[in-house]
Trainee: 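Take this structure first; my questions come after.
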Amino acid sequence: MDNATLYLPITFAESYSSLSQKARVTTEPWVVTNISCPNCLGELQPYSSNTKGKDVYCAVCGENFQIKSKKGKFSNKITGAEYQTTRNIFSSEEKPSLMLLHYDLATMKVINLTIIHKSSINEMCIIPRKPLAITARRAGWQGCIIDLSIIPNSAIIKVVENANMISMAVVQEKWRAVNSL
C-alpha cells in the first residue's frame, strides 16, 4: 500500500460543517477501503448508521470494531459514549475491538491507526463521568471515559505508525498472538 491511500476521502465530508461529523464520514469509509480484518484478513463492512458501539465488522469471521478518530494523538483516556451502554457493549459476547485512528487535520492524512484487542477491554476500563446537570439540554445523561492505561502492550496492535502502513501479515500475526493468550 502506498502513502496515497493514507489520505481520508474528503469528498464524503463536503456537505458537513461539524468536524466530528467530517471525521466520522471520512474515517469509516477509509477503514473499510484500506484495512483488512486482523483476524482473518477478510473484508471489513460498515454497520448501518447509529449502530451502538460497533462501526465495522468482518464479512468473513464476524469480528467487530469500533472506530475512534482524533486529529491529535490519543492519550490513555479516551472519550466514550453513554456510560451504561458502553459497559454493556464491552461486556457482551460480540464486544468490539477499538480502532484508534489519528489523522492530520491540515492534510487529512492518517498518521497512526492502532487496534486495541477486545480481550483486554473490560468493565474496569469503563469509567463513568459526572452526569450532566439538571440545566443541561440532556440533563442526567452520563458519558464515560475508556481508560487504556491498564491495557497490556501485547494487546495494542499498530496498523499505521507515523504515516507508514504495517504489513497486514504482521498485524495478523500480532492479533493471533493476543488471541492465543
Side-chain angles (χ1 to χ4, degrees), residues 6 8-10 12-13 16-32 34-35 38 44 46-57 63-92 94-163 178:
L6 291 175
L8 297 172
I10 57 174
F12 291 150
Y16 295 92
S17 56
S18 160
L19 287 178
S20 62
Q21 287 287 45
K22 286 182 178 189
R24 181 187 58 78
V25 300
T26 59
T27 56
E28 289 179 21
W30 183 86
V31 166
V32 167
N34 294 287
I35 304 300
L44 296 178
Y47 274 102
S48 60
S49 294
N50 299 320
T51 299
K52 292 188 182 212
K54 298 180 265 191
D55 297 312
V56 296
Y57 66 95
E63 284 289 339
N64 293 303
F65 302 90
Q66 183 180 92
I67 303 167
K68 297 284 189 183
S69 59
K70 189 174 178 183
K71 62 184 177 187
K73 288 186 176 183
F74 284 90
S75 69
N76 279 334
K77 294 186 188 318
I78 60 174
T79 304
E82 194 273 330
Y83 172 65
Q84 197 56 52
T85 302
T86 303
R87 279 192 60 169
N88 292 344
I89 287 164
F90 285 105
S91 299
S92 75
E94 297 179 357
K95 74 178 171 178
S97 292
L98 287 176
M99 289 187 169
L100 306 179
L101 190 150
H102 159 218
Y103 62 94
D104 177 67
L105 183 60
T107 61
M108 294 303 280
K109 184 176 184 178
V110 175
I111 305 301
N112 296 297
L113 175 64
T114 303
I115 299 174
I116 309 296
H117 193 278
K118 65 185 180 182
S119 65
S120 65
I121 306 167
N122 57 43
E123 290 181 23
M124 290 177 19
C125 298
I126 314 300
I127 301 168
R129 296 176 73 173
K130 184 178 176 184
L132 295 179
I134 289 290
T135 56
R137 186 172 49 108
R138 297 184 299 163
W141 186 88
Q142 184 176 28
C144 70
I145 299 291
I146 302 171
D147 183 2
L148 302 177
S149 67
I150 60 175
I151 303 294
N153 283 339
S154 61
I156 300 170
I157 304 165
K158 295 185 182 295
V159 180
V160 177
E161 186 172 25
N162 298 320
V178 178

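Values below: every heavy atom of this structure, side chains too, minus hydrogens, waters and symmetry copies. Residue indices begin at 1 and follow the sequence shown.
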Trainee: Could you walk me through whether Ile115 and Leu98 satisfy the side-chain contact (heavy atoms from CB on, under 4.5 Å) test, starting with their C-alpha distance in whole Å, then the side-chain angles of each, then the deciding distance to 0.1 Å, before giving a yes or no?
Mentor: CA-CA 6 Å; Ile115 299 174; Leu98 287 176; over 6 Å; no

Trainee: Do the non-hydrogen side-chain atoms of Thr114 and Val159 ever get within less than 4.5 Å of each other?
Mentor: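 They are not in contact (no side-chain heavy atoms under 4.5 Å apart), so the answer is no.
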
Trainee: Could you state the interatomic distance from NZ (Lys68) to CD1 (Ile78), rounded to the nearest 0.5 Å?
Mentor: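 Rounded to the nearest 0.5 Å, the NZ-CD1 separation comes to 6.0 Å.
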
Trainee: Does a side-chain N-to-carboxylate-O contact under 4.0 Å join Lys118 and Glu63?
Mentor: yes

Trainee: From Ile111 CD1 over to Leu6 CG, what is the distance, rounded to the nearest 0.5 angstrom?
Mentor: 8.0 Å

Trainee: Could you report the tightest heavy-atom contact between Gly53 and Ile89, atom names first, then the distance?
Mentor: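 Minimum heavy-atom contact is CA-CD1, 3.4 Å.
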
Trainee: Within this structure, what is the CZ-CD distance for the pair Arg129 and Glu82, rounded to the nearest 0.5 Å?
Mentor: 12.5 Å

Trainee: Once you round to the nearest 0.5 Å, how far does CG of Leu44 lie from CG of Asn64?
Mentor: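 Those atoms lie 10.5 Å apart.
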
Trainee: Residues in side chain to side chain donor-acceptor pair (under 3.5 Å) with Lys54, at least two apart?
Mentor: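 Listed in chain order: Glu94.
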
Trainee: Holding to side chain to side chain donor-acceptor pair (under 3.5 Å), I want the full list of residues that pass it with Tyr57, two or more places apart in sequence or in another chain.
Mentor: none

Trainee: Suppose we screen for ring pair (Phe, Tyr, Trp, His ring centres under 6.0 Å). Which residues come up paired with Phe90, at least two apart in sequence or across chains?
Mentor: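 If we apply the ring pair (Phe, Tyr, Trp, His ring centres under 6.0 Å) test to Phe90, skipping adjacent residues, there are no hits.
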
Trainee: Between Ala13 and Thr26, which heavy-atom pair has the shortest distance, and what is it?
Mentor: CB-CG2, 3.7 Å

Trainee: Hey, what do you get for CE (Met99) to CD1 (Ile67), rounding to the nearest 0.5 Å?
Mentor: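 Rounded to the nearest 0.5 Å, the CE-CD1 separation comes out at 6.0 Å.
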
Trainee: Side-chain contact test, heavy atoms from C-beta onward, threshold under 4.5 Å: evaluate it for Gln66 versus Ile121 and give yes or no.
Mentor: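 Result no, sub-4.5 Å side-chain heavy-atom pair not found.
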
Trainee: Work out which heavy atom in Pro38 is nearest to a heavy atom in Phe65; give both atom names and the distance.
Mentor: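 Answer, listing the atom of Pro38 first, then Phe65: CD-CZ, 3.5 Å.
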
Trainee: Sequence neighbours left out, what passes side chain to side chain donor-acceptor pair (under 3.5 Å) with Ser17? Give chain and number order.
Mentor: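 Once residues adjacent in sequence are excluded, Ser17 has no partner under the side chain to side chain donor-acceptor pair (under 3.5 Å) criterion.
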
Trainee: For residues Ile145 and Thr79, report the shortest heavy-atom separation together with the two atoms involved.
Mentor: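 Here Ile145 and Thr79 meet closest at CD1-CA, 4.3 Å.
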
Trainee: Does any part of the side chain of Val160, heavy atoms only, come nearer than 4.5 Å to the side chain of Asn34, both counted from C-beta?
Mentor: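 Answer no - side chains too far apart.
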
Trainee: Does the side-chain contact (heavy atoms from CB on, under 4.5 Å) test come out yes or no for Leu113 and Leu100, once each step is laid out?
Mentor: CA-CA 5 Å; Leu113 175 64; Leu100 306 179; 5.8 Å; no

Trainee: Are any of the side-chain heavy atoms of Asn112 and Asn162 separated by less than 4.5 Å?
Mentor: yes

Trainee: What are the two closest heavy atoms between Leu101 and Trp30, and how far apart are they?
Mentor: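 Taking every non-hydrogen atom into account, CD1-CE3, 3.8 Å.
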
Trainee: In Å and rounded to the nearest 0.5 Å, what is the CG to OG distance from Leu148 to Ser75?
Mentor: 7.5 Å

Trainee: If you look only at pairs with a residue in residues 139-158, which of them pass as a salt bridge (Lys or Arg N to Asp or Glu O under 4.0 Å), with sequence neighbours excluded?
Mentor: Lys77-Asp147

Trainee: Which atom pair, heavy atoms only, marks the closest approach of Cys125 to Ile151?
Mentor: SG-CD1, 3.9 Å

Trainee: Return the set of residues passing side chain to side chain donor-acceptor pair (under 3.5 Å) with Ser48 (not counting sequence neighbours), or none when no residue passes.
Mentor: Thr51

Trainee: Are more than 12 heavy atoms, taken from residues, nucleotides or ligands other than Leu105, located less than 6.0 Å from that residue's CG atom?
Mentor: yes

